[in-house]
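Reviewing the structure listed below.
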Amino acid sequence: PPAAPATPSARAGTLAVRVLDAATQRPVEAARVFVVGTQLGGQTNADGRLTLRNVPAGAQGIRVLRVGYTEVTRRATIAAGQTATLEVTM
């Protein structure tokens with residue numbers, strides 16, 4: 001019989017993002033974080049942190065936006081079943 005198709009989580013990982021102010025190194029709350037080309041995204045908490053689950057494995061573009069800051073785009077490599085961390089300063 002054919003193999004069962006892999007579940008989305010088998011080809012995806014988790015991305016833990018922390019956003020900091022470049023001048024003060026303080027957390028940036030309410031920054032919007034998006035995985036480019038997907039519907040995945042969210043907003044950072046008071047500690048400047050956000051965890052995104054089921055991010056497709058591979059190299060991903062990560063966009064970070066916040067009123068009063070210049071938009072930032074970074075690359076993150078996501079490994080299936082793993083948690084990648086990304087620290088962004090704006």
Side-chain angles (χ1 to χ4, degrees):
T7 62
S9 60
R11 296 185 306 274
T14 300
L15 178 64
V17 180
R18 183 155 193 234
V19 181
L20 300 172
D21 181 288
T24 66
Q25 294 302 302
R26 295 179 61 88
V28 177
E29 183 177 5
R32 293 181 297 149
V33 180
F34 301 97
V35 180
V36 176
T38 75
Q39 297 295 313
L40 297 171
Q43 217 167 330
T44 58
N45 64 16
D47 293 326
R49 296 180 187 275
L50 172 68
T51 300
L52 297 173
R53 291 176 173 72
N54 295 317
V55 178
Q60 300 294 338
I62 310 299
R63 282 180 62 206
V64 183
L65 306 116
R66 176 72 166 89
V67 172
Y69 291 88
T70 302
E71 177 182 324
V72 175
T73 302
R74 294 284 183 268
R75 303 285 301 166
T77 300
I78 311 300
Q82 304 285 319
T83 298
T85 57
L86 178 66
E87 189 168 282
V88 177
T89 54
M90 323 183 61

List in chain and number order the residues that pass side-chain contact (heavy atoms from CB on, under 4.5 Å) with Pro56, two or more places apart in sequence or in another chain; answer none if no residue qualifies.
Thr38, Leu40, Gln60

For Ala30, what residues pass the side-chain contact (heavy atoms from CB on, under 4.5 Å) criterion, not counting sequence neighbours?
Gln43, Arg66

Quick one: hydrophobic cluster around Val36, which other residues, with the 4.5 Å side-chain cut-off, linked directly or via members?
none

Side-chain hydrophobic cluster, 4.5 Å single linkage: members besides Leu20
none

Leu50 CG to Asn45 CG distance, which is reported to the nearest 0.5 Å
8.0 Å

Please give me the minimum heavy-atom distance between Val19 and Ala31, naming the atom from each residue.
CG1-CB, 4.3 Å

On a heavy-atom basis, the closest approach of Pro27 and Gly48 is CB-N, 3.6 Å

Identify every side-chain donor-acceptor pair in residues 69-90 under 3.5 Å, counting partners at least two apart or on other chains, and give the distances.
from  : atom 1 : to    : atom 2 : distance (Å)
Tyr69 : OH     : Asp21 : OD2    : 2.8
Glu71 : OE1    : Arg63 : NH2    : 3.4
Glu71 : OE2    : Arg63 : NE     : 3.0

The complete set of salt bridge (charged side-chain N to carboxylate O under 4.0 Å, His left out) pairs with one or both residues in residues 22-40, sequence neighbours excluded, reads none

Mark yes or no for whether Thr44, through its side chain, and Val33, through its backbone, hold a donor-acceptor pair below 3.5 Å.
no

